[in-house]
Participant: 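Have a look at this one before I ask anything.
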2 protein chains.
Amino acid sequence: MSATIKDIARETGFSTATVSRVLSGKTGFFSSKTAVIVNETAAKLGYKKNMAATELVTQKSNVIAVIVNSTKTNFSDQIISGIQKKADEAEKRVIILYAGDRDERAQKIALSTALERPILGILLLAVDLFPSNLEILTFSNTPFYFISISFKNNKLNYISSNDQEIGYQATKYLITQGHKNIGIAGLNITNSAHTGALRFKGYQKALHEAGILFKPDWLQTGDYSYKSGITALQKYYLKKDVTAVIAASDLVGIGILNECSRLKISVPTELSIITTDGTSLCELVRPQLSSITQDFYRMGYLGTTYLINSVQSNAYTNIVISQRQSVKKFNDFDH
Amino acid sequence: MSATIKDIARETGFSTATVSRVLSGKTGFFSSKTAVIVNETAAKLGYKKNMAATELVTQKSNVIAVIVNSTKTNFSDQIISGIQKKADEAEKRVIILYAGDRDERAQKIALSTALERPILGILLLAVDLFPSNLEILTFSNTPFYFISISFKNNKLNYISSNDQEIGYQATKYLITQGHKNIGIAGLNITNSAHTGALRFKGYQKALHEAGILFKPDWLQTGDYSYKSGITALQKYYLKKDVTAVIAASDLVGIGILNECSRLKISVPTELSIITTDGTSLCELVRPQLSSITQDFYRMGYLGTTYLINSVQSNAYTNIVISQRQSVKKFNDFDH
DNA sequence: ATACTTAGAGCAAACGTTTACAATAGATAT
DNA sequence: ATATCTATTGTAAACGTTTGCTCTAAGTAT
């Protein structure tokens, strides 16, 4: 077992109170001579503060628990970077907990692990909590914020992109490039977190404004996965109707891209693709995928700021269009 | 503040001892009638065990701290899956800490965060600890294991692939495919963790056994990054000498692949590529990258097993050759 | 000389658990 | 009737910290 303040107290002859004050920098309660002695002894004994004890007595904690899906949401890293940055600035610590992949039990374990010890609060990264688990969380009185997920219900705090705007901007961009038959693929529009529904709404709005009549085949729902991209493209291929498609995630985009490659459909010459997310994956594939790029880093940074300052409010982070190589102007004369 | 066993004791009229025994399932110490009353009251009051208090008194913990680099080591997820699996089986909890990217201070913070609270032990995923931090860790008496990194010094416990074997197998595979001028790119051969040095050694051994004389240009060192792949390919391009290259990571492989695409070098027709790692990235790009595939999941699983059972030993996990689309038989007559 | 302040230090309670030990009552064995 | 055992419960100490309160001695103001 590691040395405790009692050991230091015994060794130096001071009381544990004085040792504690020196070690936790409660200046004004001890002479500098005392401080030197205590600190030296602490170093000599290899003293490590026992945070469990501290948190027990102070009833507060400096650790933020971050709960993430183990599913390959490849943007989590960016969010976590933002979280780490802000946490570091505020002298807070962060621990990350994996909550499985839409796994009720795993979610519950992660939640318990967090709630069963003193923490500052919880940040949930793109995790769509099961109702039972959401109840546990709300009932616990621990502050929490959802990141990269929004809710109709404004009772819950979240920091995310404006998903309707994502759908709208993506669609509008393709329209300005001359496209009229525009698919939207890989998204889930029934989800309780309604990310997909909002994007679809924005998509429809843009279509409507441009006087384009939506055709049901253009919507290919999915679960934001690589596989969703593949099956979506296969559907589009049957009709040979759409000239551009909005992918619900970078992985969906790559699924579409690779299936195009298999079917000898040239991107962007025959089909334009714009994805949603804009992580580094977009620049790893050829052609590079154009994207609606979300500011994941900022989501993490802002969410952490809100948590630390107890800001009871929602926020949207900016989105931006990153033009790369997968969208081409559509010109009727070409056909 | 959440309800405590004292609240339950007061409410039910039992002592905290009895409540504690019921709540932590110390069967044989209470009647089933008592158990029912206590459990109901606990549920009613929304009781959550305070692990900090438990860990304080029992002097033990069921949490495993996993320290990872924030750098895009895209295989960490697989390792973590393995860790989670084993931890779950053994009823242990896991918390993940980010240690920045070769950042001494961030490493130290992550380490302190782990060491300052009761934990079972530490798993370090591909993190190459600064000497000062390694000292902190060893001095702490907390058990720890390195995963995906090996050491000359057998004082340190690790679970990894046999890196010399990786170099050897990759090279031998290319030789059996008819290649003689084989590059090896993106690896660091001075690293204290000597992963790169071992791979290079295996590579040389295979070359030697085949009677091939190594040319210094064939070795293009780097830091396992995408960028390393790009610059390596540029070097090879100048000499137009190698017909196949071993990439030190999937990202290096993709860097090489993309630079080939820019320079109109056809893969695998003009250049074969085999990467080391074999994560899902290999199947995301076109052509898909053949790889020496490591069993990251098993590394995590095994490392956790060792940690839990205090096995003081090292282990290698298996590697396997995954043939995809980036290696082609080399035939002198073609040229 | 007296009263008051202050710097530096210690005492002891508190945080929420667990658990060795003690206590009680009823049951069983002799 | 006595001794022994068992099932259930309680008492209290312990884990490592922090901190309100108290104490002492020296310094300052009057």
Side-chain angles (χ1 to χ4, degrees), chain A residues 1-39 41-42 45-63 112 115-120 140-142, chain B residues 1-39 41-42 45-63 112 115-120 140-142:
Chain A
M1 236 348 94
S2 177
T4 70
I5 56 171
K6 288 187 187 175
D7 298 320
I8 300 175
R10 194 178 328 107
E11 184 93 2
T12 60
F14 290 109
S15 68
T16 57
T18 299
V19 173
S20 168
R21 289 185 181 118
V22 171
L23 259 22
S24 45
K26 295 266 176 301
T27 43
F29 286 98
F30 50 84
S31 71
S32 49
K33 229 188 309 176
T34 306
V36 170
I37 299 174
V38 169
N39 283 321
T41 315
L45 266 37
Y47 172 77
K48 271 275 161 204
K49 177 185 270 205
N50 183 331
M51 275 300 183
T54 303
E55 289 166 344
L56 187 58
V57 57
T58 61
Q59 300 282 74
K60 63 175 86 150
S61 168
N62 69 343
V63 356
S112 301
L115 294 174
E116 281 177 356
R117 51 207 84 224
I119 51 168
L120 199 67
S140 77
N141 284 321
T142 305
Chain B
M1 238 346 96
S2 178
T4 72
I5 56 171
K6 288 187 186 173
D7 299 319
I8 299 175
R10 194 178 329 108
E11 184 93 0
T12 60
F14 290 108
S15 68
T16 58
T18 299
V19 174
S20 168
R21 289 196 267 250
V22 172
L23 258 21
S24 46
K26 295 267 176 299
T27 42
F29 286 97
F30 51 82
S31 70
S32 49
K33 228 189 309 176
T34 306
V36 170
I37 299 174
V38 168
N39 283 322
T41 315
L45 266 37
Y47 172 76
K48 271 274 159 205
K49 178 185 272 206
N50 183 332
M51 274 300 182
T54 303
E55 289 166 343
L56 186 58
V57 57
T58 61
Q59 299 285 75
K60 64 173 88 146
S61 168
N62 70 343
V63 355
S112 301
L115 295 174
E116 281 177 355
R117 52 207 82 224
I119 52 169
L120 200 66
S140 77
N141 284 320
T142 304

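As a basis for the values below, the full set of heavy atoms in this structure was taken, side chains included, without hydrogen atoms, waters or symmetry mates.
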Participant: Quick one: N50(A) CG to dA14(D) C1', roughly how many Å, whole number?
Facilitator: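 Checked: the CG to C1' distance equals 14 Å.
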
Participant: From dG10(C), dG10(D), dT18(C), pick the nucleotide closest to the side chain of V57(B)?
Facilitator: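 So the side chain of V57(B) is nearest to dT18(C).
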
Participant: Select base, sugar-phosphate, or nothing to describe what S20(A) touches, counting heavy atoms under 4.0 Å on all strands.
Facilitator: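 The residue S20(A) makes base contact.
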
Participant: Looking at OG of S24(A) and CD1 of I5(A), how far apart are the two atoms once the value is rounded to the nearest 0.5 Å?
Facilitator: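 Atom-to-atom, S24(A):OG and I5(A):CD1 are 8.5 Å apart.
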
Participant: What contact category does K48(B) fall into here, base, sugar-phosphate, or nothing, at under 4.0 angstrom with non-hydrogen atoms?
Facilitator: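 Result for K48(B) = sugar-phosphate.
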
Participant: Nearest-Å distance, CG (L23(A)) to P (dT19(D))?
Facilitator: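 Going from L23(A) (CG) to dT19(D) (P), I get 13 Å.
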
Participant: K49(B) near the nucleic acid: base, sugar-phosphate alone, or nothing, with a heavy-atom cut-off under 4.0 Å?
Facilitator: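 Touches sugar-phosphate only.
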
Participant: Counting any heavy atom closer than 4.0 Å, what does K33(A) reach on the DNA or RNA strands: base, sugar-phosphate only, or nothing?
Facilitator: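 No contact.
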
Participant: Return the value, rounded to whole Å, for the distance between atom NZ of K26(A) and atom C1' of dG10(C).
Facilitator: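 Taking atom C1' of dG10(C) as the reference, NZ of K26(A) is at 17 Å.
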
Participant: Does K6(B) place a side-chain N or O at less than 4.0 Å from the phosphate oxygens OP1/OP2 of dC15(C)?
Facilitator: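 For dC15(C), OP1/OP2 do have a side-chain N/O of K6(B) under 4.0 Å.
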
Participant: Whole-Å distance between dG10(D) P and I8(B) CD1?
Facilitator: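 To the nearest whole Å, that distance equals 14 Å.
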
Participant: Quick one: D7(B) CG to dT17(C) C1', roughly how many Å, whole number?
Facilitator: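 So the CG-C1' distance, D7(B) to dT17(C), works out to 13 Å.
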
Participant: OP1 or OP2 of dG16(D) sitting under 4.0 Å from any side-chain N/O of Q59(B)?
Facilitator: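 Yes, within the criterion.
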
Participant: Grab the CG-P distance between L56(A) and dG16(D) for me, whole Å please.
Facilitator: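 Distance, rounded to whole Å: 12 Å.
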
Participant: Please give, in whole Å, the distance from dG16(C) C1' to E55(A) CD?
Facilitator: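 Those two atoms, CD and C1', are 13 Å apart.
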
Participant: Measure the spacing between CG of N50(B) and CD of E55(A) and express it to the nearest 0.5 Å.
Facilitator: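 Atom-to-atom, N50(B):CG and E55(A):CD are 9.0 Å apart.
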
Participant: I want to check something: taking the side chain as every heavy atom from C-beta on, are L23(A) and N39(A) in contact at a cut-off of under 4.5 Å?
Facilitator: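 Side chain of L23(A) against side chain of N39(A), heavy atoms only: contact under 4.5 Å found.
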
Participant: Under 3.5 Å, is there an N or O donor on one side and an acceptor on the other linking the side chain of R21(A) and the base of dG20(D)?
Facilitator: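 Looking at the base of dG20(D), it does pair with a donor or acceptor on the side chain of R21(A) (distance under 3.5 Å).
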
Participant: R10(A) CZ to dG16(D) C1': how many Å, rounded?
Facilitator: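 In whole Å, dG16(D) C1' lies 13 Å from R10(A) CZ.
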
Participant: Judged by each residue's nearest nucleotide on DNA chain D, which is more toward the 5′ side, T4(A) or S31(B)?
Facilitator: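 Residue closer to the 5' terminus by nearest nucleotide: S31(B).
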
Participant: Does T54(A) have a side-chain nitrogen or oxygen under 4.0 Å from the phosphate oxygens OP1 or OP2 of dT17(D)?
Facilitator: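 Indeed not, no polar side-chain atom of T54(A) lies that close.
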
Participant: Tell me whether T58(B) contacts the main-chain N or O of T54(B) through its side chain, where contact means a donor paired with an acceptor under 3.5 Å.
Facilitator: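 Pair found, side chain donor or acceptor close to backbone of T54(B).
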
Participant: Classify the nucleic acid contact of F29(B) as base, sugar-phosphate or nothing, counting any heavy atom under 4.0 Å across all strands shown.
Facilitator: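 Base contact.
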
Participant: Report the residue (T16(A) or F30(A)) whose heavy-atom-nearest nucleotide on DNA chain C is the more 5′ of the two.
Facilitator: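 Its nucleotide being nearer the 5' end, the pick is F30(A).
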
Participant: Is R21(A) close enough and on-axis enough to F29(A), meaning under 6.0 Å and within 45°, for cation-pi?
Facilitator: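 Yes; both conditions hold, so R21(A) lies above the ring face of F29(A).
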
